[in-house]
Asker: 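Here it is, the structure, as structure tokens.
Atoms within a ligand are numbered from 1 in the order they appear, just like the ligands themselves.
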Amino acid sequence: MDSGSVFASLVQAPEDPILGVTVAYNKDPSPNKLNLGVGAYRTEEGKPLVLDVVRRAEQLLVNDQSRVKEYLPIVGLADFNKLSAKLIFGADSPAIQANRVATVQCLSGTGSLRVGAEFLARHYHQLTIYIPQPTWGNHPKVFTLAGLSVKTYRYYDPATRGLNFQGLLEDLGAATSGAIVLLHACAHNPTGVDPTLEQWEQIRQLMRSKGLLPFFDSAYQVVALVVWWITGGQIENMLGFASGSLDADAQPVRMFVADGGECLAAQSYAKNMGLYGERVGALSIVCKTADVASKVESQLKLVIRPMYSNPPIHGASIVATILKDSKMYDEWTVELKAMADRIISMRKQLFDALSARGTPGDWSHIIKQIGMFTFTGLNGEQVAFMTKEYHIYMTSDGRISMAGLSSKTVPHLADAIHAAVTRMG
Ligand code: KET
């Protein structure tokens with residue numbers, strides 16, 4: 001009896017394309033079901049992982065009787081903000097030294113993107129934002145609801161399963177001058193395809209020449225870098241990073257800061273510290289002068305205060321505890337390396353399993369792509385088939401979360417892909 005309800009005319013909304021995969025998975029009674037939808041790390045036993053260093057930081061926080069539950073300032077925990085800016089821009093970043101970075105603690109990556117977008121919609125002269133095609137499914141919604149107008153630039157070429165660099169340059173070259181451009185800082189989601197450093201440099205030059213404003217989404221920082229270093233056999237670099245000696249220019253975000261220009265960056269600690277549900281993130285806006293940065297921060301407070309007043313304290317305290325203690329920081333990178341190693345091993349095992357089955361097609365992209373996901377190239381029909389017949393859950397664009405796989409489940413997935421390709425090809 002809903003006819004009397006003032007909401008009776010509502011239609012049932014569809015589930016979210018990514019988070020809805022988990023909803024469907026949870027409803028499936030099959031003992032063989034496998035969730036490769038959401039990008040969340042799982043252990044070899046298929047269990048969620050809380051990092052040891054996070055447990056230790058939490059213990060320290062609980063034992064510290066001087067800690068209270070007062071409201072944080074609107075911009076969040078000061079230590080956390082400073083450490084987050086250092087993590088993304090580098091400890092010796094000239095922009096940080098010159099106090100021209102405004103950093104505010106936000107609700108994980110999504111909240112940071114939303115606060116940044118609301119700020120731009122109010123204060124930036126161009127309301128158009130270009131996002132890559134394809135991109136994380138939530139991007140267009142976050143930006144549209146904040147009041148920006150979303151356009152796309154070419155990014156991925158399904159034929160080569162690589163970057164459509166020519167298309168990207170053409171589209172950004174034709175973009176309205178001054179427009180905002182969303183860039184994935186590393187480990188592009190869903191494709192796992194990143195520009196090379198040389199290509200980044202060309203993108204930077206083009207964007208700066210047209211006055212396009214970079215907005216970096218950094219949801220996979222460090223995880224992706226660790227994977228990259230390991231695959232390049234340069235593990236020393238990772239340890240160098242822990243001690244702060246990694247070449248600062250080796251990261252796209254830092255290239256854009258080094259040229260003295262302005263940019264925005266949304267950071268998430270969901271994946272790289274496994275703090276998904278704690279909702280810890282930061283938005284940084286790099287400005288030309290300290291004076292502008294101070295005004296920007298004051299305006300960010302006006303965006304945040306009526307939205308959620310101020311951010312939660314627990315997750316940011318965990319992050320600050322780890323980042324400011326060099327021993328805990330090192331432990332964190334070692335645990336990250338273990339996660340990255342497991343993801344890379346899953347890539348190799350899946351590739352080998354498909355080769356062993358003689359599955360038609362070239363599957364080398366499984367080992368070439370970067371980060372948590374493999375963009376398989378499977379189409380919506382093949383994905384639906386795998387879900388129905390094999391109880392394997394993934395997003396309909398054919399993306400699989402490699403972190404959700406284990407040595408035990410690889411054969412089941414390989415069987416499913418083989419059947420999908422040979423029967424639904
Ligand atoms: N940016 C990108 C590119 C991204 O993949 C995610 C999450 C986020 C931002 C936001 O993460 P947050 O938890 O707000 O810090 N992606 C995974 C989870 C999700 O869709 O919410 C995913 O793609 O599976």
Side-chain angles (χ1 to χ4, degrees), residues 14-25 35-42 48 76 80 84 87-88 104-117 129 131-143 145-146 150 152 155-156 181-194 214-224 227 252-253 264-284 307-308 311-312 315-316 318-319 343 369-376 383 393-405:
E15 290 285 356
D16 180 80
I18 297 175
L19 300 183
V21 173
T22 303
V23 176
Y25 166 85
N35 186 3
L36 305 176
V38 69
Y41 186 83
R42 294 283 179 274
F80 167 85
S84 295
L87 183 68
I88 189 160
V104 292
Q105 181 193 332
C106 297
L107 276 74
S108 213
T110 310
S112 307
L113 290 165
R114 182 65 186 259
V115 168
I129 183 163
I131 61 175
Q133 178 62 260
T135 192
W136 181 49
N138 213 18
H139 277 150
K141 301 171 202 171
V142 166
F143 296 130
L145 286 171
V150 172
T152 60
Y155 187 85
Y156 179 76
V181 179
L182 190 278
L183 301 160
H184 293 231
C186 55
H188 181 275
N189 176 12
T191 68
V193 173
D194 284 354
F215 192 163
F216 284 98
D217 181 355
S218 182
Y220 302 91
Q221 195 200 358
V222 186
V223 177
V227 173
V253 180
L264 290 83
Q267 278 168 278
S268 166
Y269 289 96
K271 332 272 163 160
N272 60 8
M273 267 195 208
L275 292 175
Y276 310 91
E278 296 291 356
R279 312 308 294 148
V280 204
L283 170 73
S284 284
M307 212 192 280
Y308 53 82
I318 297 172
V319 172
I343 293 175
Q369 291 171 352
I370 301 266
M372 267 187 144
F373 304 110
T374 291
F375 203 46
T376 58
V383 170
Y393 289 79
M394 54 200 274
T395 52
S396 61
D397 59 1
R399 183 191 87 168
I400 57 180
S401 173
M402 297 309 284
L405 266 181

Asker: Of all heavy-atom pairs between Val319 and Leu275, which one has the smallest distance, and what is that distance?
Answerer: CG2-CD1, 3.5 Å
Asker: Only heavy atoms of Gly109, strictly under 4.0 Å: list the atoms of ligand 1 that pass.
Answerer: 12 (P), 14 (O), 15 (O)
Asker: For atom 12 (P) of ligand 1, what's the nearest protein heavy atom and its distance?
Answerer: Ser108 OG, 3.3 Å
Asker: Name the closest protein heavy atom to atom 18 (C) of ligand 1, giving the residue it belongs to and the distance to 0.1 Å.
Answerer: Lys271 NZ, 3.6 Å
Asker: Quick one: which of Leu182, Thr135, Thr110, Ile131 gives a side chain to side chain contact (heavy atoms under 4.5 Å, CB included) with Asp217?
Answerer: Leu182
Asker: Is there at least one pair of N or O atoms, one from Tyr276 and one from ligand 1, spaced under 3.5 Å apart?
Answerer: no
Asker: Which atoms of ligand 1 have any heavy atom of Gly39 under 4.0 Å away?
Answerer: 22 (C), 24 (O)
Asker: Give me the atom names and distance for the closest heavy-atom approach of Thr191 to Gln369.
Answerer: O-CD, 3.2 Å
Asker: Can you name the nearest heavy-atom pair linking Gln105 to Tyr308, along with the distance?
Answerer: O-OH, 3.8 Å
Asker: Touching ligand 1 at all, Tyr220? Heavy atoms, strictly under 4.0 Å?
Answerer: yes
Asker: Give the C-alpha distance, both sets of side-chain angles, the deciding distance and a yes or no for side-chain contact (heavy atoms from CB on, under 4.5 Å) between Asn189 and Arg399.
Answerer: CA-CA 9 Å; Asn189 176 12; Arg399 183 191 87 168; 2.7 Å; yes
Asker: Examine distances only and state if a side-chain atom of Gln221 and a backbone atom of Leu87 form a donor-acceptor pair shorter than 3.5 Å.
Answerer: yes
Asker: Tell me which protein heavy atom sits closest to atom 11 (O) of ligand 1, plus the residue, atom name and distance to 0.1 Å.
Answerer: Thr110 OG1, 4.0 Å
Asker: Would you check the N or O atoms of Ala270, main chain and side chain alike, for any that come under 3.5 Å of an N or O of ligand 1?
Answerer: no
Asker: With heavy atoms of Arg279 as the reference, note each atom of ligand 1 found under 4.0 Å away.
Answerer: 12 (P), 13 (O), 14 (O)
Asker: Below 4.0 Å from ligand 1: does a non-hydrogen atom of His188 turn up there or not?
Answerer: no
Asker: Ignoring hydrogens and angles, tell me if any N or O in the side chain of Gln267 forms a donor-acceptor pair with the backbone of Ser84 under 3.5 Å.
Answerer: yes
Asker: Show which atoms of ligand 1 fall inside a sub-4.0 Å distance from at least one heavy-atom site of Ser268.
Answerer: 12 (P), 15 (O)
Asker: Counting N and O atoms only, with roles assigned by atom type, does the side chain of Ser112 sit under 3.5 Å from a partner on the main chain of Ala282, one being a donor and the other an acceptor?
Answerer: yes
Asker: Any N or O on Asp217 sitting closer than 3.5 Å to an N or O of ligand 1?
Answerer: yes
Asker: Name the option, out of Asn189, Val38, Thr22, that contains the heavy atom nearest to atom 5 (O) of ligand 1.
Answerer: Asn189
Asker: Do me a favour and list the nearest non-hydrogen protein atom to atom 20 (O) of ligand 1 with residue, atom name and distance?
Answerer: Trp136 NE1, 2.9 Å
Asker: For ligand 1, is any non-hydrogen atom under 4.0 Å from Ala219's backbone (N, CA, C, O), its side chain (CB onward), both, or neither?
Answerer: side chain
Asker: Knowing that exactly one of Phe216, Tyr155, Tyr220, Phe375 qualifies, which makes a ring pair (Phe, Tyr, Trp, His ring centres under 6.0 Å) with His188?
Answerer: Tyr155
Asker: Could you report the tightest heavy-atom contact between Tyr41 and Met372, atom names first, then the distance?
Answerer: N-CE, 3.6 Å
Asker: Under 4.0 Å from a heavy atom of Arg399: give me the atoms of ligand 1 that qualify, with their elements.
Answerer: 22 (C), 23 (O), 24 (O)
